[in-house]
Amino acid sequence: MAQKLQTLGEFIIENQSSFQYSSGELSSLINSIRLAAKVVNHEVNKAGLVDIIGAAGDTNIQGEDQQKLDVYANDKFIQTLTNRNIVCGIASEEEDDFICINSQDENHQNKYIVLIDPLDGSSNIDVNVSVGTIFSIYRRITPVGTPVQLEDFLQKGSEQVAAGYVVYGTSTMLVYTTGDGVNGFTLNPAIGSFYLSHPRMEFPVDGNIYSVNEGNYFDFPQGIKNYIKYCQKEEDDRPYTSRYIGSLVSDFHRNMIKGGIYMYPQGSKNPKGKLRLLYECNPMAYLAEQANGIASDGFKRIMDIQPTELHQRVPFICGSKNMVEKAEEFMRNA
Ligand code: AFP
């Protein structure tokens, strides 16, 4: 007999009580992200049809060209979270500073803050390659009812209460964790609902895919060069294969399903790594650990790093446990 399909909305309600701080607020927040994701998905899918792609003329704080869909996704997520009045602060990869919500209202009781990379991998949009949204949720540490402060955003990844991503791919999926495993929901575009399609997602302990921008090979630390050579050697029946999309969400998603490792190390072009600790690495690290994987900067756990600035970058190595441990071993011994 066919199994009953469970929608994301039903899943959120059903699992609300298993969340340790259960008050319904986190559920509403994830519901808002679901809503914004559907709106952005609609626009991303139209990208090839309408003249929405291309640089918007602005440059973000990292000095990168912003594309119109980056701006659109940023606005939609911020608007949805602000209008529904369920968070007290938002930080976005596309904004220079964090946004304080309800700063004038002493009676507001919202306790969550959201950090978001609204459209990661956006340089892939104009060639019809998958992109994603990444989000990360924390409880504020300053008193409720006061304006949020920078310290609310500069928490270690280990303090996250939820994290997830939306991958706008051949199908659109929302994958998230609230600390009790990772579940994936696929959008049925005909109905506009996300359905539980990938319950309890886990990285295989080992894998055979390594994902890295090998164009930067000569710039990599010796440990990473040695690890890549190890993957390429044909001896000992180690048939590794290379797959790199250049869109973190998509590379992570594939590796979680098939088993693999993603690496973006430091180098002279990116002395501290390229990826952002708060918007990309911490949420992916939380998902990875909840899915039996590991995320490291080559030497230590990503989620143990104390952030010092909003747009901080770190080296990032993430994926199947045995593969990440092996890469760390090469880093230590280099
Ligand atoms: P964009 O959002 O600028 O396309 O950057 C995407 C990204 O942050 C991450 O999603 C990719 O894995 C990584 O950068 C790709 O970087 P390279 O193009 O340097 O390999």
Side-chain angles (χ1 to χ4, degrees), residues 40 43-44 47 52-74 77 91-95 115-136 163-169 173 175 209-221 224-225 228 242-256 260-285 287-288 293 295-297 302 310-319 324 327:
V40 171
E43 212 58 27
V44 168
I52 194 166
I53 54 173
D58 290 343
T59 308
N60 71 11
I61 192 166
Q62 277 93 19
E64 299 156 333
D65 279 342
Q66 269 189 343
Q67 305 210 288
K68 283 181 185 169
L69 273 173
D70 292 28
V71 181
Y72 180 86
N74 189 43
F77 276 98
S92 162
E93 196 206 289
E94 299 295 338
E95 302 284 335
L115 294 109
I116 192 148
D117 182 352
L119 211 59
D120 185 66
S122 53
S123 50
N124 285 307
I125 288 169
D126 48 357
V127 288
N128 210 350
V129 170
S130 305
V131 291
T133 295
I134 308 173
F135 62 90
S136 171
Y165 60 79
V166 184
V167 57
Y168 310 98
M173 281 189 70
V175 175
I209 297 171
Y210 69 98
S211 312
V212 64
N213 185 343
E214 279 185 86
N216 295 331
Y217 180 84
F218 289 103
D219 203 30
F220 286 157
I224 296 294
K225 285 182 179 170
I228 292 172
S242 166
R243 292 282 183 278
Y244 186 70
I245 298 171
S247 174
L248 172 64
V249 171
S250 317
D251 279 311
F252 179 99
H253 187 73
R254 182 206 51 240
N255 290 352
M256 178 159 61
I261 183 170
Y262 173 96
M263 298 177 280
Y264 210 113
Q266 63 276 47
S268 59
K269 274 195 258 170
N270 301 293
K272 293 179 176 167
K274 178 188 175 191
L275 304 190
R276 295 80 172 167
L277 174 60
L278 297 181
Y279 310 108
E280 295 171 296
C281 304
N282 272 338
M284 294 320 234
L287 287 159
S296 155
D297 71 352
I302 286 289
L310 274 182
H311 294 280
Q312 185 171 345
R313 297 173 191 261
V314 285
F316 190 56
I317 302 177
C318 177
V324 177

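In each ligand, atom 1 is the first atom listed, and ligand 1 is the first ligand listed.
Residue-level proximity to ligand 1 for D251 is absent, since no heavy atom of it falls below 4.0 angstrom. Of the heavy atoms in S247, only backbone atoms (N, CA, C, O) come closer than 4.0 Å to ligand 1. No part of E93 comes within 4.0 Å of ligand 1, judged by heavy-atom distances.
Contact of the V249 side chain with the Y168 side chain is not registered, since no non-hydrogen atoms from C-beta on lie closer than 4.5 Å. K274 is not listed as a side-chain neighbour of F316, based on a closest heavy-atom distance of 4.5 Å or more.
Between G246 and D251, the shortest heavy-atom contact is N-OD2, 3.1 Å. Minimum heavy-atom separation, V131 to I125: CG1-CG1, 3.7 Å.
Considering backbone and side-chain N/O atoms, N216 never comes within less than 3.5 Å of an N/O atom of ligand 1. For ligand 1, one of its N or O atoms has an N or O atom of L248 under 3.5 Å away. At least one N or O atom of Y244 sits closer than 3.5 Å to an N or O atom of ligand 1. Close N/O approach between G121 and ligand 1 is found [any backbone or side-chain N/O within under 3.5 Å].
No hydrogens or angles considered: nothing links the side chains of N282 and S136 as a donor-acceptor pair under 3.5 Å.
Taking all heavy atoms of F252, Y262, Y264, F316 into account, the minimum distance to atom 19 (O) of ligand 1 is reached by Y264.
D120 counts as a contact of ligand 1, since one of its heavy atoms falls under 4.0 Å from the ligand.
Under the 30°/60° scheme for interplanar angles, the aromatic rings of Y262 and Y264 are found to be tilted.
Two rings, from F252 and Y165, have their centers less than 6.0 Å apart.
The atoms of ligand 1 that sit less than 4.0 Å from any heavy atom of S122 are 1 (P), 2 (O), 4 (O). Residue N213 has at least one heavy-atom neighbour below 4.0 Å for each of these atoms of ligand 1: 17 (P), 19 (O), 20 (O). Below 4.0 Å from some heavy atom of R276 lie the following atoms of ligand 1, by number and element: 8 (O).
Put simply, the side chain of D120 never gets that close to the backbone of D117: no donor and acceptor are under 3.5 Å apart.
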